[in-house]
Amino acid sequence: MDYKFNEIEKKWQEYWRENKTYHVEINDKPKCYVLDMFPYPSGAGLHVGHPLGYIASDIYSRYKRLQGFNVLHPMGYDAYGLPAEQYAIQTGQHPAITTTKNIARYREQLDKIGFCFDWDREVKTCSPDYYKWTQWAFQQMFNSFYCNKHQKAMPIEKLIERFETKGTLSDDGGVIKVACSEELNFTADEWNSWDEVKKQQVLMNYRIAYIGETMVNWCPKLGTVLANDEVVDGVSVRGGFPVVQKKMRQWCLRVSAYAQRLLDGLETIDWSDSIKETQKNWIGRSEGTEVEFSVKDSDVKFTIFTTRADTMFGVTFMVLAPESDYVAQVTTAEQKQAVGEYIDYVKKRTERDRISDRKVTGVFTGSYAINPFTGEAIPIWVSEYVLSGYGTGAIMAVPAHDSRDYAFAKHFNLPIIPLIEGADVSEESYDAKEGIVSNSPRPGVKPYIDFSLNGLTIKEAIAATKKYVTENNIGRVKVNYRLRDAIFSRQRYWGEPFPVYYKEGMPYMIPADKLPLELPDVDKFLPTETGEPPLGHAQKWAWDEKNAQIVDTKLIDNKTIFPLELNTMPGFAGSSAYYLRYMDPHNDKALVSSEANGYWQNVDLYLGGSEHATGHLIYSRFWNKFLFDLGVVCQEEPFKKLINQGMIQGRSNFVYRIKDTNTFVSLGLKDQYDVTPIHVDVNIVNNDQLDIEAFKAWQPEFATAEFILEDGKYICGWAVEKMSKSMFNVVNPDMIVEKYGADTLRMYEMFLGPIEQSKPWDTKGIDGVNRFIKKLWNLFWNDGKLDLSDEQPTAEELKTLHKTIKKIGEDIEHFSFNTSVSAFMICLNELKGCKKRSVLEPIVVLLAPFMPHVAEELWHALGHDTSVCDAAWPKYNEEYLKESAVKYPISFNGKVRFNLELPTDMSKDDIEKTVLANEQTAKQLDGKAVKKVIVVPGKIVNIVC
RNA sequence: GCGGAUGUGGCGAAAUUGGUAGACGCGCUAGACUUAGGAUCUAGUGCCGUGAGGCUUGUAGGUUCGAGUCCUAUCAUCCGCACCA
């Protein structure tokens, strides 16, 4: 019987759909949650790289199910975002329409591959019953603040109560420890005297979702702000447009409050080292000291941050960031013009300029700071190499031990004082954190304070300085993070609307029972002429506070009818908690019920690309931790284990046209001519051999092409490039499915190599996998009928079977799917046409995760009337795996080696005797006296002579 | 500059974690069956050498009876962070 994969695949895909084979509900079995990063449905459809991760997770899901787990394996769409909107602007189509179309196309393509998704749980981030919960979470963040003492988010009411009774005074007499944008200090009386607007302004300083006036990444071409992870090398990730820094009022999420927990959490989860490292870098924890400096002949004091508190005696100048508020305070009248000019110069420079040329620039403010350790007056400079956004935006410069300070000192001729014994700073700074401190204070200098670091190691000196600074109240120990708050507004249309209206300039949340606030229709998607976001075009986009409803924009009177927020949320809003929604997708009372969350807990296995390391995977963890603080979810980390599948690159093919002709020369002969390589559609090339007729038909200009062949063939050149339409190297999964079947596609994608590695797609080799499936298939059938015997298996057959059961199970647990495919091939070779039911039936179950359609067909042919998905994973028996003899490598003084087969149960003494009695051993020994025989049990025999 | 990962045949890759390197597949060679072959089957295939034999896991050392695997340097490629004080 022929292997008619398209009939089989169609038949079982329908069967699974009709029988709801993959539908899951909470039951009393142990759970397993296997999740793929949901796709963004672009217009291009899926290429062969997209399903790689889906196939791997599908195999794992099916395996876990066969092992008796209740497996949640859902799929959905991340449907809001910039590309759909850019497309809408270009084509005039509503993004909702193109998105719906794209989703349908994705679904069609996914269905052909035979995944075990529970489609009843599908989510789309752009559908109102989904984004209701995105908006809800945002409102919870607005109504929360982060308490650093308890290290968790708390209701803002608690903070208000506190302000009403104690202001910002904490129990220990300091300022309350809460995450904020700016440290405020006020009494209860002051608080109580303020009006509503002032109170709201102050609260904004503490809310987890807040409006902040911050430097943002503004992308003029896209007409929107972007988050830090959406900008690379000064250009936008989407589109590659220039990005400039601009101060704007924006919604922000206080992700930075969670920096330490985001860092600590990494220790508890099973992710790859590289992605953990990437997140650690992104969070950028740095432990240091803040030290207060006063300005000479002035009341101004300012604070610097340093990780090298041991270098206090080597400070020779101070540097402020150009954006720092201190600049205006310390600039003297004489220097005012120079500083002003410098700041104008810095403003003109973009992020990109700064990255590309690292010129040493700066200007003296005219003021001097007093070093609290030496009493010296040291000049205060302004320079762009100090960043306003990190630390305090001000540094103490120690040119001897910091290369940037060194470059600055050399350029402006400032003094350099080495502080480490033996450090030579004549050519470059000594940045290493190793050595013994000296010159602290310098010998012969009258001590300003009674404190010395001389003779200590750097580590000890840092600790000693911290202690001194803290005790003498001139500073404090401080941990800084590079992680910044996430900017949460986008001046775009195609995103979640904020459930917010404005009264007297302050934002208010629309009532929770009125959610979702649905995205209104607009006729233009471009920003309005006034620079307002596209929602400014909406006809009905005002909030009637009294009647709690949306009304016509024209009615806004700012008394009872107020304007609604015009910005929308960014792409990561909808993708931050979608894994929770899958647990309980139709619940309209809660994001997820506590029953559903209590059962499914969190994601056991998460598969997706590593490009989300500093975006989605940070935001999701933050979002989940916030919901954890609220008590909405029971697990602090959303994704227990993460696997980053590699990218599938394209393998492009080239033809070589002889210059100024329409003649093409085959690869092997091209060096004899002056040729231009031209990308050719990989779909008309087979094993690098060009289908000449198809090529002529491909594009009109090639219709009359002529060819110089080698061995009667036209051989194409090739290169590995990104898979993209413009390279003509996109391979579509449907085409593979059509030609070879879904099972072959699944097996082959796994066979390509380790799941985490990036690799080019190369259709060469797919025949090998296809051949395996055909051979396997033919083993079962004869003359269109199942043809298996009930004979007992031989010891060899049992060994092969049990070896395979063991191997496949271990491989799946270790996500080593490529070796599983090999193991199946070896198994088939070893069985040598064995047609015994007792051997083949368990193998069908082993194959079910990999090639579900074939397995299902065979399973039913074997007489089962339920799905193979409901079978039990076979257990292997160690008994059958025992070797009758083991091959021992034998060496003589490490020089000569050969192998000897010995029974496994032999004692050490017997092994020695047998080895020495062995003919080959005797020959090798050649009369030499044996000094020692070493036996490492089960492994090796050594003879020392 | 800091950090992470990877280097094995013509190609994709294995290697029970320190024990006969190159499993399995592709490709290639020869043969069989075929009107035909982009079908199927059989055998061979790391490199050098007619040969016995020698060499071989980026390079150079080291530990070990024994190293692809561990240690130390070094080179190459890829990725993340980066005037972060």
Undergrad: Describe the nucleic acid contact of A/E810 in one word from base, sugar-phosphate, nothing, applying a heavy-atom distance below 4.0 Å.
TA: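 Counting heavy atoms under 4.0 Å across all strands, no contact is made by A/E810.
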Undergrad: Mind calculating the distance between NZ (A/K807) and C1' (B/rU16) to the nearest angstrom?
TA: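 So the NZ-C1' distance, A/K807 to B/rU16, works out to 8 Å.
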Undergrad: Please report the distance, rounded to the nearest Å, between NZ in A/K764 and C1' in B/rG27.
TA: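 Result: 7 Å.
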Undergrad: Start with the C-alpha distance between A/V731 and A/V682, add both sets of side-chain angles, then the distance that settles side chain to side chain contact (heavy atoms under 4.5 Å, CB included), and finish with yes or no.
TA: CA-CA 8 Å; A/V731 182; A/V682 291; 4.0 Å; yes
Undergrad: Check this one for me: any side-chain N or O of A/R482 less than 4.0 Å away from OP1 or OP2 of B/rA82?
TA: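 The answer is yes; a side-chain N or O of A/R482 sits under 4.0 Å from OP1 or OP2.
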Undergrad: Heavy atoms from C-beta onward define the side chain here; which of B/rG3, B/rA85, B/rC26 lies closest to that of A/E277?
TA: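 Of all the options, the side chain of A/E277 is nearest to B/rG3.
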Undergrad: Examine B/rA85: is either OP1 or OP2 under 4.0 Å from a nitrogen or oxygen in the side chain of A/Y390? Give yes or no.
TA: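 Affirmative; the distance criterion is met.
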Undergrad: Would you mind telling me which of B/rC24, B/rG80, B/rA85 lies closest to the side-chain atoms of A/F751?
TA: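 The answer is B/rC24.
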Undergrad: Base, sugar-phosphate or nothing for A/L752? Non-hydrogen atoms, less than 4.0 Å.
TA: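 Sugar-phosphate, no base atom in range.
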Undergrad: Send over the distance from A/N683 CG to B/rG38 P, rounded to a whole Å.
TA: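 My rounded result for the distance is 20 Å.
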Undergrad: What's the shortest heavy-atom distance between A/P379 and A/T316, and which atoms?
TA: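 For A/P379 and A/T316, the tightest heavy-atom pair comes out as CD-O, 3.5 Å.
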Undergrad: Pick base, sugar-phosphate or nothing for A/N480, based on heavy-atom distances below 4.0 Å to the nucleic acid.
TA: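 Result for A/N480 = nothing.
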Undergrad: Looking at A/L263, A/L266, A/L262, which hits side chain to side chain contact (heavy atoms under 4.5 Å, CB included) with A/Q279?
TA: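 One option only clears the test, and that one is A/L266.
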Undergrad: Expressed as a whole number of angstroms, how long is the span from A/D811:CG to B/rA13:P?
TA: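 Nearest whole value for this atom pair: 16 Å.
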Undergrad: Whole-Å distance between B/rG37 P and A/D767 CG?
TA: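 Between P of B/rG37 and CG of A/D767: 17 Å.
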Undergrad: List the steps and the verdict of ring pair (Phe, Tyr, Trp, His ring centres under 6.0 Å) for A/H802 and A/Y876.
TA: CA-CA 5 Å; A/H802 287 263; A/Y876 64 89; 7.6 Å; no
Undergrad: Base, sugar-phosphate or nothing for A/P760? Non-hydrogen atoms, less than 4.0 Å.
TA: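 It contacts nothing in the nucleic acid.
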Undergrad: Take atom P in B/rC11 and the same atom in B/rU59, then report the distance between them in whole Å.
TA: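 Their P atoms lie roughly 15 Å apart.
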Undergrad: Rounded off to whole Å, could you give me the NZ-to-P distance for the A/K722 and B/rC78 pair?
TA: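 From A/K722 NZ to B/rC78 P: 17 Å.
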